[in-house]
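So that the names make sense, note that chain A is the first sequence line, chain B the second, and so on, each numbered from 1. Quick caveat, the model's predicted, so the values are computed rather than measured.
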Amino acid sequence: MITRFPPEPSGYLHIGHAKAAIIDEEYAKMYNGKFILRFDDTNPEKAKLEFYEAIKEDLNWLGVKPQIIENTSDDIEKLYDYARKLIEKGLAYVCICKPETIKSNRIKGIECNCRASKVEDNLEKWEKMFKVFSKNEAILRFKGDMKSLNTAMRDPTLFRILDIPHPLKGYKYRVWPTYDFATPIKDSLDGVTHALRTKEYELRDELYFSILRALGLREPILLEFSRLEMKGSILSKRKIRELIQQGIIESWDDPRLATLRALRRRGYFPEAIREFILSIGVSKVESEPTWDLINSINRRIIDAKAKRLFFVSNPIKVKLESFPKERISVNYHPDRDLGKREIKITQNLFFEIEDLEKFNLDDKFRLMGLGNVRLIQKEDLPIVKFEGFELDHRLKKIHWVNEDSLPFEVFVPLNLVQDGEINRDSLKVIRGKVEDSIKKLNVGEIVQFVRFGFCRIEANNKAIFAHK
RNA sequence: GCUCCGGUAGUAUAGUCCGGCCAAGUAUACUGGCCUCUCGAGCCAGGGACCCGGGUUCAAAUCCCGGCCGGAGCACCA
């Protein structure tokens, strides 16, 4: 079994691409086959050099490892040969009608005069496409069926003229094949046995096989699956570009997006993405999974690895009285041995104001890792008095930081789409103080801020929230 | 509009091809309880679904017909 993942190098990969790539790879693995990464770079107007590398990087991070990496643009000459064969067989013709005419004829199901021209004329015009004609003056079309109910069969375009440099080939070619022509031939030539693609291509199956049959080439098995949508997210390249232009989001790795780069920034593990994709499966059912599904998988994976740290939002200064020790030692994890950190007990501590407000004067509660305290003054500078170390499960427990704690920001991505509308306020910034042991951790580490959630450290003063 | 493809709990899926073991399994979410130095994890329990209508059959989530709803395609993009 040989499968292939054919992204166009015109943007960053998102979780929808991950679905295709992972399914392709898993199928090949299951049958001890091969998996090909093919850059579908037949449109020099869209392909950009940076994306070839970016896509490889992202796939590598995802843990998807192709055995073969190739570009459709490496085989343009072969595709020219097949085009010529088709013309010689009278199965393709050069159309010199105006684009508008072609369009309206297609809608009406009318054949144009070019379709009736002789093979020799077509061959001559085909040659002229390389030198004489310019863009929009001539295209090579497949002789399908202008009356077919399947509009993909109404003499689709096989080659068009594009006078723009290609990121890999420069000005070497100006006649470029379309997806509809390049894909079946490449698949067949590459030995692809099972070509998987998303549902919106279903109507093109007939064309795919017609081209292969016309050329006498081996026919792979075509399989389609539904496109992945995520609740509250935007995957469309076009729409993301608009959002960036409008300044609503910052970049392609904005944590509100579902690009692989964004997921990585938030602390999603590749294993979680894979498990999630496999749980979704390959059916044609249109579904819109919620983030809960992937979050719970990711949580299971990172729960064991994430150090627990105290981050206090909306801090309020509170005086601590009668504490007998100068420093305490607190484990990084409740049940895994991830080490511990020393915390200096300063005269004043900081609590979350929301926590403090819930307590009444004389209430007893516990400062996690430190001990039990009683609130003996609530106004002005609140004061708590130490009352002992012994654990009492009935006591409410809160987290806290000391005076050496550092200013810190957590970026919390919310749904970018809410009730069908773009939510402009979808990136919440929560400011607060974090214990200074954050300095010992590395950028990229996943932590759990106690009673807050899992976050990935982005800098020594900033983290991005993944999920609860 | 025409054509094609879908429709199982709130969400995502298993089961549909080859009808019976499905008074429908699992995950997630939710609710309650236990446990816990986190609002995290873990454990236990609970409610919750076969789009509708006909037909075939001893038997239908599964096969057939009709309808309804949803999505996609109709480019010199992929």
For nucleotides [N] and [M], find the distance between their [atom1] atoms and express it as a whole number of Å.
N     : M     : atom1 : answer
B:U13 : B:A29 : C1'   : 14 Å
B:C51 : B:A60 : C1'   : 16 Å
B:U28 : B:A41 : P     : 10 Å
B:G53 : B:G7  : C1'   : 16 Å
B:G66 : B:C30 : C1'   : 38 Å
B:G42 : B:G48 : C1'   : 24 Å
B:U26 : B:C18 : C1'   : 24 Å
B:A14 : B:C63 : P     : 15 Å

How many Å lie between CG on A:Asp163 and C1' on B:C76, as a whole number?
13 Å
How many whole angstroms separate atom CE of A:Met230 from atom P of B:U13?
11 Å
Tell me if the centroids of the rings in [X] and [Y] come within less than 6.0 Å of each other.
X        : Y        : result
A:Phe35  : A:Phe5   : no
A:Tyr179 : A:Tyr201 : yes
A:Phe408 : A:Phe449 : yes

Can you tell me the base-pairing partner of [N]? Count Watson-Crick or G-U wobble geometry only, both distances below 3.5 Å, and say none if there is no partner.
N     : result
B:G42 : B:C34
B:C21 : none
B:C69 : B:G6

Considering only side-chain heavy atoms of [X], which listed nucleotide, [options], is closest?
X        : options             : answer
A:Asp303 : B:G40, B:C37, B:A12 : B:G40
A:Glu286 : B:U38, B:C5, B:A78  : B:C5
A:Leu149 : B:A75, B:C2, B:C5   : B:C2
A:Val285 : B:G6, B:C4, B:U38   : B:G6
A:Leu203 : B:C76, B:A12, B:U3  : B:U3
A:Thr157 : B:A41, B:U38, B:C76 : B:C76
A:Ile280 : B:A12, B:C5, B:G73  : B:A12
A:Lys46  : B:C76, B:C5, B:A78  : B:A78
A:Phe454 : B:U28, B:C5, B:G40  : B:G40
A:Leu293 : B:A75, B:A12, B:G40 : B:A12

Side-chain N or O of [X] versus OP1/OP2 of [N]: is the shortest distance under 4.0 Å?
X        : N     : value
A:Arg204 : B:C5  : no
A:His393 : B:C37 : yes
A:Ser296 : B:A29 : no
A:Ser148 : B:U3  : no
A:Arg197 : B:C5  : no
A:Arg106 : B:C76 : yes

Distance criterion of 3.5 Å, no angle test: do you see the side chain of [X] paired donor-to-acceptor with the base of [N]?
X        : N     : result
A:Tyr201 : B:A78 : yes
A:Glu200 : B:G73 : no
A:Glu288 : B:U11 : no

Can you tell me how far apart OG1 (A:Thr198) and CZ (A:Arg227) are? Round to the nearest 0.5 Å.
5.5 Å
Interatomic spacing from CG in A:Leu395 to NE2 in A:His393 - rounded to 0.5 Å
10.5 Å
Between A:Ser73 and A:Trp176, does any side-chain donor sit less than 3.5 Å from a side-chain acceptor?
no
Is there a donor-acceptor pair closer than 3.5 Å between any side-chain N or O of A:Arg4 and the backbone N or O of A:Leu196?
yes
